[in-house]
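Each chain gets a letter, A, B and so on, in the order the sequences are listed, and its residues count up from 1. Atoms considered below: every heavy atom in the structure, side chains included; atoms not considered: hydrogens, waters and symmetry mates.
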Amino acid sequence: MPELTVLYFAHLRDQRGLDSERITSTATTARYLYRELVQRHGLTLPERTLIVAVNEAMVRWDAPLADGDTVVFLPPVSGG
Amino acid sequence: MPELTVLYFAHLRDQRGLDSERITSTATTARYLYRELVQRHGLTLPERTLIVAVNEAMVRWDAPLADGDTVVFLPPVSGG
Amino acid sequence: MEDFQVTDRPIDLAAWRRRLDHPQAGGLVIFEGVVRDHHQGRAVRHLDYQGYAPLAVRVGSEILVAARTRWPLLAALGCHRVGHLEVGEAAVWIGTAAAHRAEAFAACAWIMDEVKARVPVWKQETFADGTVEWSQGTIMRSAAPE
Amino acid sequence: MEDFQVTDRPIDLAAWRRRLDHPQAGGLVIFEGVVRDHHQGRAVRHLDYQGYAPLAVRVGSEILVAARTRWPLLAALGCHRVGHLEVGEAAVWIGTAAAHRAEAFAACAWIMDEVKARVPVWKQETFADGTVEWSQGTIMRSAAPE
């Protein structure tokens with residue numbers, strides 16, 4: 001199973017209680033990974049409010065994941 | 001005859017060759033004073049391009065002049 | 001030095017301003033986003049920002065490049081602070097330089113709009129009554145390839 | 001200290017910036033008009049500004065007051081330099097502070113437009129070839145009572 005690093009920010013960091021974690025997952029895409037995290041940790045942000053980044057680049061929800069990827073689900077931003 | 005102070009800026013200062021002068025004039029309004037200065041010193045800026053200030057306030061061309069007034073004819077501005 | 005940076009230290013306003021100097025520049029416009037003491041009528045005690053720095057730098061830099069394609073800019077720079085900020089501290093600094101002021105104004109305002117919509121930074125407000133809340137944000141505009 | 005000033009010494013950018021600080025301010029916008037090295041394709045060596053200081057201060061102050069009636073500003077300040085200026089020096093500085101950035105941007109740009117149209121200051125360019133010319137100006141908008 002691929003090993004992934006997940007980084008958490010803002011609401012998701014609060015809900016997960018972690019800045020980051022390394023996990024092994026059967027999820028083949030970011031979408032399946034997020035659904036797995038929702039199940040395991042009770043994350044509440046709807047997919048439609050999030051943007052996915054893999055290895056510091058924004059990708060589509062159905063982009064495939066590979067061993068060693070760093071995945072981030074980006075909540076609505078509020079900089080400035 | 002009223003004694004007036006005239007201040008010159010920009011093109012008018014160049015044409016008059018002075019920053020300021022005190023003059024006695026029979027001119028009863030700013031318009032007549034400017035025409036007198038045009039005659040005496042060959043000032044070339046048309047009246048329609050100038051704004052008149054008397055005692056540090058903008059006035060109309062036909063505003064009356066009084067003894068001791070400071071009169072300025074303001075060429076097109078180019079600050080900034 | 002990167003044109004767009006994310007920093008956890010106070011933004012060095014004077015140093016950023018110096019980087020706008022350009023002999024052809026006739027107009028410089030600077031925007032500073034500052035921590036204010038209220039939000040929607042509630043008193044704010046302080047703010048905490050989180051940012052996903054590598055992506056924030058990348059997106060911020062892309063915004064600056066895009067601004068340079070839209071306007072004839074001589075300089076376009078930006079910096080976003082993260083971490084704990086007190087009232088009065090600068091959270092974001094954007095600066096533009098152009099030969100003429102209209103372009104500098106338009107580009108600076110546009111860059112700031114884009115930064116708010118696209119740069120992965122999150123603001124948490126601590127109110128005077130002790131309540132702590134993430135600011136309501138904007139769903140990020142993705143630059144993911146279709 | 002006057003909100004609008006005319007000075008024959010270099011504009012103290014940091015001091016003016018500090019005067020924009022306000023606990024309710026969320027956005028500050030600063031415009032600097034700088035002497036550039038060219039004008040309409042000709043190389044500029046230096047500039048000389050003349051200003052009718054007492055009226056310039058009065059008109060500049062009126063512009064700032066008018067801006068405060070149009071936008072909810074927390075600060076609105078301006079300074080125009082006169083005398084001899086080299087390339088890269090600031091000829092004019094305008095700064096605004098507001099709770100939100102849109103107002104600060106709009107007011108700063110508007111104030112600068114008004115300053116150029118109404119404040120009695122005149123710019124003389126000395127070009128690299130030695131030619132000396134008064135800049136083509138804008139006929140002043142009078143505020144004379146009708």
Side-chain angles (χ1 to χ4, degrees), chain C residues 11-18 20-41 43-45 47 74-75 85-113 115-116 123 125 135, chain D residues 11-18 20-41 43-45 47 74-75 85-113 115-116 123 125 135:
Chain C
I11 298 174
D12 185 339
L13 304 174
W16 282 98
R17 162 61 190 83
R18 280 193 297 276
L20 289 177
D21 280 334
H22 192 293
Q24 291 165 35
L28 313 183
V29 174
I30 292 165
F31 173 77
E32 274 181 51
V34 177
V35 179
R36 58 175 191 264
D37 66 3
H38 66 287
H39 178 65
Q40 295 178 338
V44 168
R45 188 182 295 163
L47 295 189
L74 300 163
L85 278 78
E86 299 290 339
V87 169
E89 289 197 275
V92 60
W93 183 99
I94 306 292
T96 54
H100 301 282
R101 72 186 186 284
E103 291 81 1
F105 269 114
C108 189
W110 182 85
I111 291 167
M112 190 55 214
D113 286 347
V115 165
K116 280 192 85 85
K123 173 164 64 180
E125 281 156 317
S135 281
Chain D
I11 297 174
D12 186 339
L13 304 173
W16 282 97
R17 163 62 190 83
R18 279 193 297 275
L20 290 177
D21 280 334
H22 192 291
Q24 292 166 34
L28 313 183
V29 175
I30 292 164
F31 173 77
E32 275 181 49
V34 177
V35 179
R36 58 174 190 264
D37 66 3
H38 65 288
H39 178 65
Q40 296 179 337
V44 168
R45 189 182 293 165
L47 296 188
L74 300 163
L85 277 79
E86 299 291 338
V87 169
E89 289 196 275
V92 60
W93 184 98
I94 306 292
T96 55
H100 302 282
R101 72 185 185 285
E103 290 81 0
F105 269 114
C108 188
W110 182 85
I111 291 166
M112 189 56 214
D113 287 347
V115 165
K116 280 191 84 84
K123 174 164 64 180
E125 282 156 317
S135 281

Okay, D/A109 and chain C: the region with an atom under 4.5 Å from a heavy atom over there is both

Counting heavy-atom pairs under 4.5 Å with chain D, the top scorer among C/V87, C/D21, C/D113 is C/D113

Residue set satisfying salt bridge (Lys or Arg N to Asp or Glu O under 4.0 Å) with D/E89, at least two apart, ordered chain then number -> D/R81

With sequence neighbours left out, the residues meeting side chain to side chain donor-acceptor pair (under 3.5 Å) with C/E86 are C/H84

Heaviest contributor of heavy-atom pairs below 4.5 Å to chain D, chosen from C/H22, C/Q24, C/H38, is C/Q24

Listed by number, the residues in residues 90-104 of chain D that come under 4.5 Å of chain C (heavy atom to heavy atom) are D/A99, D/H100, D/R101

The interface call for C/L13 against chain D, heavy-atom contacts under 4.5 Å, is side chain

Most heavy-atom pairs under 4.5 Å with chain C, out of D/G88, D/P23, D/A25, belong to D/P23

Those residues of residues 28-36 of chain C that come under 4.5 Å of chain D on a heavy-atom basis, listed by number, are C/L28, C/V29, C/I30, C/F31, C/E32, C/G33, C/V34, C/V35, C/R36

